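A quick note: this is a predicted structure, and the numbers were derived from the prediction, not measured.
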Amino acid sequence: MDITLRRIFGIETEYGISVTGADRDPDPGTVAMIMFRPVVAASRSTNTYTRNGSRLYLDVGSHPEYATAEARRPIDAVRLDAAGERTMHRLALHAQELLREQYGPRTTVHLYKNNEDSAGHSFGCHENYLVRRDISLQLLGAQLIPFLVTRQLYTGAGTWSADGQFQLSQRADFLDDAISASTTRSRPMINTRDEPHADSDMYRRLHVILGDSNRSQIATWMKLTTTHLVLCMLEYCTHHGLDTGLAGMELADPGKAIKTVSHDMHGTAVLDMADGTRKCALEIQGTYLRLADRFVREHGDEIALNIADAPECLELWGKALDAVHFSDISELATWVDWAAKYRFVQSMRLRHPDLTTARIRQFDLDYHDVANGHIFDSLVAHGQMHTMLTDAEVEAADVTPPADTRAALRGAFVAAAQGAPGCTWSADWTHVSASVPDAKPREAELLDPFDSQPSEDYRKVMELLQGE
C-alpha cells in the first residue's frame, strides 16, 4: 500500500427533534436535555466520547450530534454511523418515557436523520477525510467539487418542497460557495477550517458539508468510497507530478450547479463549465468513473481499501449511472434514498390518487425518523431496501471501536474511566486525561490517527484507572 493513499474517514451527523401528541408543547431544548440525561449521568457533560471511540454531544440549536470515531475503511465508518443511529434511537425512546410523565401518555419523540425542518432550517451531515497537506484547496475546488456536486445522483436523500416539487438533495438549496471557512451565514460545500486532529505538517482534514444524511447503509458506503477513490487520484497525481485528467471538470458556478442537479432526477440538465463548455451531471460522473476505474486497475494494490471494495464500488457506481440514464427507479430504489422514497410515494399515489403534498412530506419525515419512524424499517423488512450490516454487527459497533486506529485507545480509555471509582476524566480526538483520588493525574497524547498502539504515557493513564 502506498502511504500517500492512506485515509481516515469520519461522519458527523446532526439530528433534528420534534414532539407530537403532547398535551402541551415542550421546548426543543428541554427535550434535548432530557434526551441527554443518561449521557450526563455517565460523563457529567453533554459533550462526551463513547466506548466505540465516537463523540456524542449536543450541538448549537439543541441538535443531538454523533461524530464517528476514526475509521481506516469506509465500511468501518458505516458501522459506526449505524451505531450512532442505534444510540440516538435508544436515547430518544428513553426521553419519550420521561416526557410522557409530564406531557401526557401520547407524547411521541421524533428524531430525524435528515437535513431540513418544517421551518426551513438546514442541519448537516459532514464527511471528514484526512488528506495529504500537499493537495491544494485550489485543486480540490476545481477537480473535486464537480464530483461532489453531481454525486447526488446516487447519494441524495431526496425531498419534496412545499409546492410538491421533488429534488434529489435536501442540502443543495442551502449551499452557496464552493470552499470557505463559513458554516452558517454562507454555507460552503467544503469548509476550510484547518483542524486535522493529526500532524498538521503532513495532513489536512477535508471537511465536506454538502452531503445529505443517508438512511441507506449502501449509499453511505458509496458516498465515502467514491469520494475516496477520487481523492486517491488527486493525491497520487499531485505527489508524483502527473496530470489528473480532470482539468476540464471545473464548474463555472458550483452554487448554481448543485441546485440544477438537485432539481433534475434524470441527470441531463446542462451545467456551465469554467472553460466555456457545457456538460450534464451524467457526463461529469461518467468521466470520474472512467478515470477511477483506470486508476484502480493501475494502482489498486496501493489504495487503502479491502481488495474487493474498489471493484465492487466501481461496478455499483456504473449501474447507478446507467439506472439514472434509463430512469430505472427500481434498480436504484434498493439502495439510493431518494429513489426509495420516490418509489414509495408513487406506489401510494396509485392507491390514493388524492394524496396531498402535506401527506407526502409526512412520509418524507417518517422515512428519516430513527425513533418512531416506520417506512424505512418496513422497506428493509420487506427486502425493498438492502443493507450491508447485520443487527449483530451494528450492536457490536455500538461498544467496539475500530481496532486499527487511535479510536481503539480512546474507546478502551472511556470504558476504563467509566468503571473507575471516583474518576474524573476527559477526552478529545488527540488527548485523554484522568485523575482518581489520592493519585497523580495522568494524560496522554494520541496525535497519530493511524496508530492503535499504546504509548508509555497512555499505559500510565490506564494503570491509573485500573488501580495499579
Side-chain angles (χ1 to χ4, degrees), residues 1-2 4-13 52-54 66-85 113 125-132 144 147-148 151-157 203 205-236 285 288-289 292-293 295-296 299-320 335-337 386-390 393-394 396-397 400-408 449-450 452:
M1 181 192 73
D2 188 332
T4 65
L5 303 184
R6 294 193 306 174
R7 185 85 59 225
I8 291 292
F9 300 88
I11 305 172
E12 303 170 29
T13 305
N52 71 3
S54 300
Y66 186 92
T68 64
E70 302 88 337
R72 285 199 185 206
R73 300 182 303 146
I75 189 60
D76 291 332
V78 174
R79 286 192 186 96
L80 293 163
D81 183 59
E85 280 193 28
K113 190 186 183 188
C125 176
H126 301 169
E127 304 150 54
N128 294 298
Y129 305 87
L130 200 67
V131 300
R132 287 182 58 87
L144 179 65
F147 165 77
L148 297 176
R151 71 176 188 181
Q152 60 185 295
L153 294 177
Y154 49 90
T155 65
Y203 298 108
R205 178 169 60 107
L206 179 64
H207 195 50
V208 175
I209 65 176
L210 59 67
D212 287 1
S213 295
N214 295 108
R215 293 300 311 274
S216 167
Q217 296 171 1
I218 299 175
T220 301
W221 178 77
M222 282 290 288
K223 179 168 63 178
L224 298 177
T225 308
T226 55
T227 304
H228 172 55
L229 293 178
V230 175
L231 287 172
C232 283
M233 289 193 292
L234 297 179
E235 286 177 311
Y236 187 90
Q285 277 291 311
Y288 280 95
L289 172 58
D293 180 71
F295 184 80
V296 168
H299 305 287
D301 292 342
E302 301 168 85
I303 301 174
L305 287 170
N306 270 0
I307 192 168
D309 281 358
E312 183 181 352
C313 168
L314 293 168
E315 180 181 4
L316 192 55
W317 191 352
K319 287 182 177 179
W335 67 274
V336 175
D337 285 305
H386 296 168
T387 61
M388 299 186 76
L389 306 172
T390 65
E393 287 178 300
V394 177
T400 308
D404 54 0
T405 71
R406 68 178 170 209
F450 297 98
S452 60

Set of side-chain hydrogen bond (donor to acceptor under 3.5 Å, both in side chains) partners for T405, sequence neighbours left out: none

Quick one: does R151's side chain get under 4.5 Å of T227's, heavy atoms only? yes

With rounding to the nearest 0.5 angstrom, report the CG to CG distance, L229 to L234. 11.0 Å

Nearest heavy-atom approach of A69 to S54 is N-OG, 2.9 Å

Heavy-atom closest pair (E70 atom, P449 atom, distance to 0.1 Å) is CG-CB, 4.4 Å

State the CD-OG1 distance between E127 and T220, to the nearest 0.5 angstrom. 9.0 Å

So, does R72 use its side chain to make a donor-acceptor pair with the main chain of R7 at under 3.5 Å? no

Take the angle between the ring planes of Y203 and F450 and call it parallel below 30°, perpendicular above 60°, tilted in between. tilted

If you compare all heavy atoms of L224 against all heavy atoms of A77, which two are closest, and at what distance to 0.1 Å? CD1-CB, 3.6 Å

Donor-acceptor under 3.5 Å (Q217 side chain, A82 main chain): no

Any salt bridge (Lys or Arg N to Asp or Glu O under 4.0 Å) involving residues 208-223? Give me the pairs, sequence neighbours left out, ordered by first then second residue. E85-R215

Does some side-chain heavy atom of L144 sit less than 4.5 Å from a side-chain heavy atom of L206? yes

Does E235 reach the main-chain N or O of R132 with its side chain, forming a donor-acceptor pair under 3.5 Å? yes

Specify whether Y288 and F147 have parallel, tilted or perpendicular ring planes, treating 30° as the upper limit for parallel and 60° as the lower limit for perpendicular. tilted

How long is the gap from CD1 on I75 to CD on E393, to the nearest 0.5 Å? 7.5 Å

So V208 and Y129, do their side chains get closer than 4.5 Å, heavy atoms only? yes

Working to the nearest 0.5 Å, report the span between OG1 of T13 and CG of N214. 9.0 Å

Can you name the closest pair of heavy atoms from C125 and S213 and give their distance? CB-OG, 3.2 Å

Look up atom NZ in K319 and atom CG in L314, then write down how far apart they are to the nearest 0.5 Å. 12.5 Å

Counting N and O atoms only, with roles assigned by atom type, does the side chain of S452 sit under 3.5 Å from a partner on the main chain of R406, one being a donor and the other an acceptor? no

Examine distances only and state if a side-chain atom of T68 and a backbone atom of D81 form a donor-acceptor pair shorter than 3.5 Å. no

Measure up the Y154 and W317 rings against each other and bin them: parallel (under 30°), tilted (30 to 60°), perpendicular (over 60°). tilted

Partners passing side chain to side chain contact (heavy atoms under 4.5 Å, CB included) against I218 (at least two apart in sequence or in another chain): S216, M222, L316, W335, H386, M388

Test log, rule salt bridge (Lys or Arg N to Asp or Glu O under 4.0 Å), inputs D337 and K113: CA-CA 12 Å; D337 285 305; K113 190 186 183 188; over 6 Å; no

R205 and N128 have their tightest heavy-atom pair at NH1-OD1, 2.8 Å

Is the H207 ring parallel, tilted or perpendicular to the H126 ring (thresholds 30°, 60°)? perpendicular

So, for P402 and L80, which heavy atoms are closest and what is the spacing to 0.1 Å? CG-CD1, 3.8 Å

Atom CG of D404 and atom CZ of R73: how far apart are they, to the nearest 0.5 Å? 7.0 Å

